[in-house]
Each structure stands twice: as structure tokens, then as C-alpha cells.
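If you're wondering where the values come from, they're calculated on a predicted model, not measured in any experiment.
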Amino acid sequence: MESSADPGMVNRPFQRLAKAVTNAYADDVPATAEAAEAVQRGLALKAQSVLRMAVIVGVFAELIVFPPWRNTAASLALAALYGVWTLWIAVWAWTDRLTIRPVVLVFGDLVALSSLLLVTGELSEPIWYATLIDDAFLFISVMAAFQFEPKATLTVAFTAAALYIGCVGFGESQGQNPYWRATLMQGLYTLVLGLGCALLSAVQGRRVRMIQGLLSHQAWLLDRVMTAEERERNELAEALHDGALQTVYASLLLIERAARAQPHPLLDEADDLLCQVSAQLRNSVTALHSEVLRTQGLDAALQAAADKSASAGGFRVRVDCATPTAGTTMDKLLYRSVTELLSNVVKHARARHVDVTLRAAGKDGWVRLEVADDGVGLSPETVREKQTAGHIGLSSQRHRIEGAGGSFSIRDNTPSGTVVTIEVPVSDD
């Protein structure tokens, strides 16, 4: 009879596991080459801690199920100390408080395992079950390989093989029937596995360096794009100010003269329309070239943009800038994002209150910007409809933020409205 099981049902547990692992590292997306290196070091420490915990569980299992032929109490005490050290390292690694190079910790594992071999006297007789502590040396090279340093991995492998042969050889020399062939073969296996780990480390390390190079190039491109865009905005602002705006001013003067010479209602209407055009052009010039951002900083620029939007949209606005700057490049990016978001609030939200918040994010070296309103809200269907209709403002902002290595998210506010959250790394300039 053919099975009627749904393949999706079979794969679902694995999909959930993969999603859980992905979510565990979702906050570790690097934005720069330096950040990528720090993330890699943190992931290596976490991976090492997991493998180290597995090793200590195996060591305890052997000591309990197959007690050593001598120094049982001392062996358990030494294994307990190793377990406490392992737990301490794991806690510090998973709370991102450990900054030491992961390969350095591996030598601590070598000292602990070598001490256990000397104390327990393993393989001083060729008994078949005395293998777990010995095989633990094979995992030492795997731990070292997580840092992607091939030379360091090879050094660890040679050190592990030498310590294993030396410690077990010492134990065998105390017994009646030395079993050197098994000891030498185990040492050879340790070296072979270490060589494989070093090669894998070299391949993976090259991939990491390629990613770091791409991230550096991405940061360079973003800076060039922002610089070019700022230059174009300034040129357009100057053209509007020196061209169209001056023409409007001249037209206003002519209409005023004509109205004084011969008053007419149409002249008054034309004067009002030209005043509106003049105000719109001044707003456009200010939006294109924010003198406040350049001279007074991001917090003052956000406050000015929020006040102007509140006046245009008829809502109350509160600006809270706990972080005054995110670096010159990111300040420009965040300012453009806020002006675009506030413009959307004015046009579509029908809000009564708007909050603009800028503060440090949960990750070191990052800032979080939130624009929250209590308007009608913005559903995913509405976003898709606007994009289909050619309104790409939000989509454009998302691409810019993600291109800078940040994140852009939209969610519903409580009880009504929309919250847009932007997180970006602080730029170095």
C-alpha cells in the first residue's frame, strides 16, 4: 500500500528547526566588514560552547558508566571543574559578553582533557570501552575551525595529537601491557581530522573575507550615492531658488503694481495663487537642502521637519531624540526617511498625534528611529495598491535603509495607526 503521508508534513519539523536557527541569528546581520568580523567571532564562540557542552556530557557519561581504574574521585572532581568552566564560557558566549579569540579557549580544553587522561590513566590497558575521553581530542580541531584561521587550527591539531600521545603514553608506561599501536593510530586520526578542519576553515574563511569585501564595497557605494544625491538636491534647490522662485517674486511685484493702478478681483486671486506657489517653492527648497541639518544637527532638523508637517497636517507631534546623531551619512538617510514618512502622514493618515523617536537600538553601534501615528493605519494591501499605482515612496525608503545594512519594518499601532521602525548602524564619518 502506498503511503499517503504528505511530504510537507514530514519536512515541517525540519522547517521549524531551520526557522528557529535563523531567528536566533536574525539580529546578527552585519552592516560593515568590521561588524562581520565581530559577528563571526561571536558565532564561533557560541558554536564552540555547544560542542564543548556535548564533550563534557560525554566525559561525565564515561566516568559514571565506566569508572576509571584509579583516582575515580579526583577524575570526577576534575571533570566537574571542566564542566563549570564550560558552563561559564557558554553563558558569557551566548550573552555576547565574551570577546576573547575562540581559538584561545581551545587550549583550555586541551589542558582539561590532558589532565583527565593523566588522572584517570586511560588506555594504560587496552580495554575496549576507554574511548570517550580519548575521542574528545578529535573534537578539539573542530572547535578551532569555527574561527576560520587555518594556521591556528593546524597548530591546535598538532598540539592535541602531541598531548594525547604524551599523556596516554605516560599512562601506558605505568601499566603491564603497553598498547602503543592504538595510541599512535589515535594520534594519527587526530592529525588527519585537524588537517581536514584546517582546509575547511581556509575555504570558509575565504568566503567570509569575500563577504567582508562586498560589505565594504556596499558601504562605499552607499556613500557615493548619498553624496551624489545630496549634490543633485543642492543643485536643484539652488536652481529653484535662483530661477522659479525669483520669477514668482517678480510676478508678485508686477501684480501688486497692476492692482494699485487698477484694482480687480482677478488680480487679487492671481496674487493669492502666486503666494501659494511661492510658499510651496520655499518648502521644496527647504526639503531639498536642509540648512538646519547641516548647521544644527539631526535632532534639530527632525524637530523642524516635524513642526512643519504638524502645521500642514493639523496634528500634534512629539520629537524625542535621545541619540543626537548617527554619523553624517546616516543622519542624511534618516532625515530623508523622516520627511518622507511625515509627508505620508500628512497626505493619508488623518492622524491627531504623531511621535518621532530616535534612540540607541538594542545592538551596540546601532540606532532605532520610530515614527508612530494614531491615524487610519496602513495595511499590507494598501501598500501593494500604492506601489501598483506608482507610489514608491515607502518602497524606495525600504531599499535605501536595507542597502545601508539596516532594517525597515511597518506594523499596526495600538489602538489605531501605524508604526514605522528603522534601525541602522552608526556611520563612522
Should [X] and [Y] count as side-chain neighbours, where that means a heavy-atom distance under 4.5 Å?
{"X": "V50", "Y": "W94", "result": "yes"}
{"X": "L245", "Y": "L240", "result": "no"}
{"X": "M53", "Y": "T86", "result": "yes"}
{"X": "E340", "Y": "N344", "result": "yes"}
{"X": "C321", "Y": "L302", "result": "yes"}
{"X": "R97", "Y": "V91", "result": "yes"}
{"X": "L110", "Y": "I140", "result": "yes"}
{"X": "L195", "Y": "L191", "result": "no"}

Heavy-atom pair of closest approach, residues [X] and [Y]:
{"X": "L154", "Y": "G194", "value": "CD2-O, 4.3 Å"}
{"X": "T339", "Y": "A305", "value": "CG2-CB, 4.1 Å"}
{"X": "F146", "Y": "L51", "value": "CE1-CD2, 4.3 Å"}
{"X": "V106", "Y": "M143", "value": "CG2-CB, 3.9 Å"}
{"X": "A161", "Y": "T190", "value": "N-CG2, 4.0 Å"}
{"X": "A145", "Y": "S201", "value": "O-OG, 3.7 Å"}

Would you check if the side chain of [X] reaches a backbone N or O of [Y] as a donor-acceptor pair within less than 3.5 Å?
{"X": "D374", "Y": "R352", "answer": "yes"}
{"X": "T323", "Y": "A360", "answer": "yes"}
{"X": "Q204", "Y": "F148", "answer": "no"}
{"X": "D373", "Y": "G417", "answer": "no"}
{"X": "T247", "Y": "G243", "answer": "yes"}
{"X": "S278", "Y": "L274", "answer": "no"}

* Would V367 and R359 satisfy side-chain contact (heavy atoms from CB on, under 4.5 Å), going step by step from the backbone distance to the final call? -> CA-CA 6 Å; V367 295; R359 61 183 67 252; over 6 Å; no

* **Step-by-step side-chain hydrogen bond (donor to acceptor under 3.5 Å, both in side chains) determination, D307 to Q303** => CA-CA 6 Å; D307 292 340; Q303 185 67 60; 3.0 Å; yes

* Under 3.5 Å side-chain donor-acceptor pair for T357 and D320 -> no

Flag if over 12 foreign heavy atoms under 6.0 Å of [atom1], [X]:
{"X": "R257", "atom1": "CZ", "answer": "no"}
{"X": "F139", "atom1": "CZ", "answer": "no"}
{"X": "F60", "atom1": "CZ", "answer": "yes"}
{"X": "F107", "atom1": "CZ", "answer": "yes"}

* Going by the angle between their ring planes, with limits at 30° and 60°, are W88 and W92 parallel, tilted or perpendicular? -> tilted

* **side-chain contact (heavy atoms from CB on, under 4.5 Å) partner of I422, the single match among L333, L358, V338, L369** => L369

* Structure fact -> When D355, V317, V419, V354 are each screened for side-chain contact (heavy atoms from CB on, under 4.5 Å) with V371, the one that passes is V354

* Stepwise side-chain contact (heavy atoms from CB on, under 4.5 Å) test for T418 and I410 -> CA-CA 7 Å; T418 304; I410 302 175; 3.6 Å; yes

* Where do T421 and F408 land on the side-chain contact (heavy atoms from CB on, under 4.5 Å) test, with the steps shown first? -> CA-CA 6 Å; T421 302; F408 184 101; over 6 Å; no

* Would R52 and D109 count as a side-chain contact (heavy atoms from CB on, under 4.5 Å) if you check the C-alpha gap in whole Å, the side-chain angles of each, and the deciding distance to 0.1 Å? -> CA-CA 8 Å; R52 189 175 288 112; D109 296 292; 2.8 Å; yes

